[in-house]
Number of protein chains: 2
Amino acid sequence: MKASQEFFQQFMLLYRSFEHHLNDVLGNYGLYRAQWSILHYLANNGSATLVELAQYLRVEKPTITRTISRLENIGYLSHIPGKDRREKRIEMSETGYILYAEVRIAVDALEEDILSGVSEEQQQQTTRIMKGIRHQLTSKEHTNEQK
Amino acid sequence: MKASQEFFQQFMLLYRSFEHHLNDVLGNYGLYRAQWSILHYLANNGSATLVELAQYLRVEKPTITRTISRLENIGYLSHIPGKDRREKRIEMSETGYILYAEVRIAVDALEEDILSGVSEEQQQQTTRIMKGIRHQLTSKEHTNEQK
DNA sequence: ATCTAATAGTTACCTTAGCTAACCATTAGT
DNA sequence: ACTAATGGTTAGCTAAGGTAACTATTAGAT
């Protein structure tokens with residue numbers, strides 16, 4: 001079997017396994033994967049517009065709108081006025097950040113546990129490879145759009 | 001940021017990017033990811049029972065039942081009688097395999113393209129790491145069950 | 001300055017694909 | 001022979017993706 005085929009087979013399988021465990025942890029806090037990934041982005045980047053999130057997460061705008069509105073309803077987000085009146089710039093609210101910090105600890109523990117058999121260097125190397133692959137995919141998307 | 005956190009961040013992002021492209025390809029053949037993963041399993045293992053698939057794909061039985069029944073309706077599967085009359089053992093039908101072979105070519109091309117910047121050795125090494133991580137997750141699940 | 005694109009976001013609606021709970025049929029174990 | 005356990009199905013829920021069509025605002029071209 002091709003090396004690339006085996007790579008993606010394992011990749012997909014690992015994704016499901018990991019998602020399974022992640023859902024377990026997030027479920028304890030009433031969160032879901034898509035919501036969590038947005039909170040994670042906001043924690044690392046401070047604020048975001050919906051388009052920014054859509055591009056980063058590789059998802060269409062309506063998907064983001066829905067997930068955001070759920071987070072808004074729970075009260076985890078607040079708005080920042082941007083100079084462009086079309087855009088909706090958001091950040092985590094006080095309560096949003098408090099929750100994030102708490103869940104972050106649990107998720108970190110899970111992730112470290114899962115990777116306990118992999119050396120730090122290997123983790124970093126693999127992360128670099130995945131970054132590179134994603135970059136390759138992104139440029140592929142751009143050339144496709146120009147067609 | 002922790003190495004493990006960065007690892008899973010990139011992992012999740014790459015998953016979405018890849019799924020996006022995979023859907024594009026599969027869509028041309030009227031297939032979806034979950035269906036494809038079952039065909040893939042059957043291609044590699046010859047036949048399977050539903051429980052076997054559920055465990056392999058880390059999904060509950062009803063999920064498998066539904067996906068299987070779709071594949072059956074299209075006519076891509078056929079039954080093999082097993083000795084146990086409870087179990088439903090399936091394999092790919094003639095038309096199923098013909099389709100699989102055709103889609104396989106397209107998916108292989110996509111996967112090779114995506115990994116074109118990664119050396120064969122690195123691919124294999126990463127595959128090994130992912131296998132190891134999944135194994136770690138599986139044993140974790142077993143110890144949890146015994147509690 | 002005005003008119004036309006393009007961009008940001010929303011709404012409505014559809015589908016896949018997960019889940020749990022409750023169930024039937026069959027087999028295994030005591 | 002009776003009770004577990006196992007394999008599978010049904011019904012029904014939800015998250016999370018998608019497209020199409022829309023509004024409001026901004027940017028660009030003439």
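Just so we're on the same page: letters track the sequence lines, and every chain starts at 1. As a basis for the values below, the full set of heavy atoms in this structure was taken, side chains included, without hydrogen atoms, waters or symmetry mates.
- The interatomic distance linking Leu57(A) (CG) with dA15(D) (C1') rounds to 15 Å, in whole Å.
- Less than 4.0 Å separates DNA chain D from at least one heavy atom of each of the following residues of residues 83-91 of chain B: Arg86(B), Glu87(B), Lys88(B).
- For the side chain to side chain contact (heavy atoms under 4.5 Å, CB included) test, residues two or more places apart in sequence or in another chain that qualify with Thr95(A) are Tyr76(A), Ser93(A).
- Under the 90° criterion around 0 for the glycosidic angle, dA4(D) counts as syn.
- The closest side-chain donor-acceptor pair between His40(B) and Asn44(B) falls under 3.5 angstrom.
- One finds a salt bridge joining Glu111(A) and Arg104(A) here, because a Lys/Arg side-chain nitrogen approaches an Asp/Glu carboxylate oxygen to under 4.0 Å.
- In this structure, Tyr97(B) and Tyr100(B) have tilted ring planes: the angle between them lies in the 30° to 60° band.
- Distance CG (Asn23(B)) to P (dT19(D)): 10 Å, rounded to an integer number of Å.
- Note: CZ (Arg16(B)) to C1' (dG17(D)) measures 7 Å, nearest angstrom.
- Straight-line distance from the CD atom of Glu60(B) to the P atom of dG7(D): 13 Å, rounded to whole Å.
- Residues passing the side chain to side chain contact (heavy atoms under 4.5 Å, CB included) test with Lys2(B) are Asp108(A), Glu112(A), Ser4(B), Gln5(B), sequence neighbours excluded.
- Contacts of Ser69(A) with the nucleic acid, taken as non-hydrogen atoms under 4.0 Å apart, are absent.
- Summarising the base pairing, dA25(C) is matched to dT6(D) through a Watson-Crick or G-U wobble pair whose two defining distances lie under 3.5 Å.
- Judged by closest nucleotide on DNA chain D, Thr49(B) is the one of Thr49(B) and Val59(A) placed further toward the 5' end.
- Between dT14(D) and Arg66(A), no contact under 4.0 Å exists linking OP1 or OP2 to a side-chain N or O.
- Under the salt bridge (Lys or Arg N to Asp or Glu O under 4.0 Å) criterion, Glu91(B) pairs with no residue at all, not counting sequence neighbours.
- In this structure, Arg33(A) does not reach the dT14(D) phosphate: none of its side-chain N or O atoms is under 4.0 Å from OP1 or OP2.
- Residue-level contact check: Thr67(B) touches neither bases nor backbone, having no heavy atom under 4.0 Å from any strand.
- Glycosidic torsion of dA25(C) falls outside 90° of 0, placing the base in anti.
- Note: CD1 (Ile64(A)) to C1' (dA15(D)) measures 14 Å, nearest angstrom.
- With sequence neighbours excluded, the residues satisfying salt bridge (Lys or Arg N to Asp or Glu O under 4.0 Å) with Glu19(A) are Arg16(A), Arg33(A).
- For dT9(D), the OP1/OP2 oxygens have a side-chain nitrogen or oxygen of Thr65(B) closer than 4.0 Å.
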Next on the checklist: One pair to check against side-chain contact (heavy atoms from CB on, under 4.5 Å): Val107(B) and Leu26(B). What are the steps and the verdict?
Outcome noted: CA-CA 8 Å; Val107(B) 173; Leu26(B) 294 181; 4.2 Å; yes
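- As rounded to whole Å, 12 Å separates atom P of dA15(D) from atom CG of Leu71(A).
- Between the P atom of dG17(D) and the CG atom of Asp24(B) lies a distance of 15 Å, rounded to the nearest Å.
- In this structure dA5(C) sits in no base pair that meets the Watson-Crick or G-U test at under 3.5 Å.
- Reading DNA chain C from its 5' end, the first and the last nucleotide to sit under 4.0 Å from a heavy atom of chain A are dA6(C) to dC19(C).
- Taking atom CG of residue Asn73(A) and atom C1' of nucleotide dT14(D), one finds them 16 Å apart after rounding to whole Å.
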